[in-house]
Structure formats: structure tokens, C-alpha cells
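Down below is the structure, laid out as C-alpha cells.
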Amino acid sequence: QRATDGSDWEMRQTAAEQLGHKDEPANRDLLLKLLQTDGDSDVLAAAFKAARRLFGVESLDPHFALLRHPQAANVAENEGE
């Protein structure tokens with residue numbers, strides 16, 4: 001979990017990628033947390049890909065977690081312009 005809380009985005013990105021290779025409840029929870037809170041787009045992309053691997057491509061859980069990100073509303077607002 002320390003790797004996902006660090007200030008080094010590359011470490012968080014690598015941690016997110018690795019979490020997607022072992023399907024455990026704790027890994028799923030950490031990936032959903034990253035999708036809701038991380039501020040780096042590379043980390044978000046890695047977490048999304050890893051979460052889809054664990055949850056399955058048909059699951060909407062990773063999508064919903066990403067939509068709960070504080071900046072999701074800003075992105076959606078800007079896309080409408």
C-alpha cells in the first residue's frame with residue numbers, strides 16, 4: 001500500500017500495474033481507491049487497465065470509480081464546451 005501512497009508517480013504507476021496481476025480483495029480495493037484519488041493520468045490509466053483485468057472487461061466498477069474522481073466533473077464539463 002505504501003507504493004500507492006507515495007509522491008513518485010512512476011512508483012504508483014508500477015504498483016497499479018502489479019496489483020492487476022493478483023486477484024485479491026485488497027488489490028481490488030486499492031485499485032478502486034487509486035481511480036478515485038490519484039492525480040496523475042499515467043497512474044489512472046495503469047490503475048484502470050489493471051482494474052479491468054481483475055474485475056473483467058464487462059464490469060462497470062472501474063468506470064464508476066473513475067467517475068467518482070474529484071476532477072471527473074471538470075473533465076466532463078470541459079468536454080461539453
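Residues take their numbers from the sequence shown, with the count starting at 1.
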Arg52 (side chain) donor-acceptor with Pro62 (main chain) under 3.5 angstrom: no
For Asp42, all residues meeting side-chain hydrogen bond (donor to acceptor under 3.5 Å, both in side chains), sequence neighbours excluded: none
Nearest heavy-atom neighbours spanning Leu32 and Ala65: CD2-CB, 3.6 Å
Pair Arg12-Asp40, salt bridge (Lys or Arg N to Asp or Glu O under 4.0 Å): steps then yes or no: CA-CA 9 Å; Arg12 294 192 321 276; Asp40 185 89; 5.1 Å; no
From CG (Leu60) to CG (Leu67), nearest 0.5 Å: 10.0 Å
Distance-minimising heavy-atom pair for Leu30 and Leu19: CB-CD1, 3.9 Å
From NZ (Lys49) to CG (Leu44), nearest 0.5 Å: 15.0 Å
ring-ring contact (aromatic ring centres under 6.0 Å, His included): pairs with one or both residues in residues 21-56, sequence neighbours excluded: Phe48-His63
Smallest separation among heavy atoms of Pro70 and Gln36, with atom names: CD-O, 3.1 Å
Gap separating the CG atom of Leu34 from the CG atom of Leu66, nearest 0.5 angstrom: 11.0 Å
Which residues share a side chain to side chain contact (heavy atoms under 4.5 Å, CB included) with Glu24, sequence neighbours left out: Lys22, Asn27
Spacing of Ser41 atom OG and Gln13 atom CD [to the nearest 0.5 Å]: 9.0 Å
Side chain to side chain, His69 and Leu35, heavy atoms closer than 4.5 Å: no
